[in-house]
Amino acid sequence: MSWLVALPALDGREYVYRIHAPADALRADIFWAAFHCHDDGPHPRASDRFDAALIWPAGAEGTDHTDLTVHQY
C-alpha cells in the first residue's frame, strides 16, 4: 500500500512524498520515512513536527488532498 505525506518546509512550500508501507503501519513510522527522504534531499529543511504533516492513503477517494498539481513560479 502507498501513503502520501505532505511535509511543510521552511521555504513555505509543502513537499509530498509517497511512502510504501502496510495498511496497518503506524502513522509515526510513515511520517519518519517521509521526513528522512526529505532530509536526504536538496530541499530546505522540513518541519519535524508530526502534527504538522498530512498523511493519507494514496488514491483515497473523498479526500481534499488528492490534487497534487505542482505550480512553479
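Nothing here was measured: the structure is a model prediction, and the numbers come from that model.
- Taking CZ from R27 and CH2 from W3, the interatomic distance works out to 3.5 Å, rounded to the nearest 0.5 Å.
- One hydrophobic cluster, built from ILVMFWY side chains closer than 4.5 Å, cannot hold both Y15 and W56; they sit in different ones.
- A side-chain contact (heavy atoms from CB on, under 4.5 Å) with F31 is found for one member of I19, D51, I55, L26 and no other, namely I55.
- Closest approach of A52 to P8, counting heavy atoms only: O-CD, 3.5 Å.
- By the rule that hydrophobic residues join a cluster once side-chain heavy atoms approach within less than 4.5 Å of another member, W32 and F50 end up as members of one cluster.
- Remark: R49 CZ to L7 CG distance equals 13.0 Å, nearest 0.5 Å.
- The CG atom of L4 sits 12.5 Å away from the OH atom of Y17 when rounded to the nearest 0.5 Å.
- To the nearest 0.5 angstrom, S47 atom OG is 11.0 Å from E14 atom CD.
- Under a hydrophobic clustering in which Ile, Leu, Val, Met, Phe, Trp and Tyr are joined whenever their side-chain heavy atoms come within less than 4.5 Å, directly or via other members, I30 and M1 fall into the same cluster.
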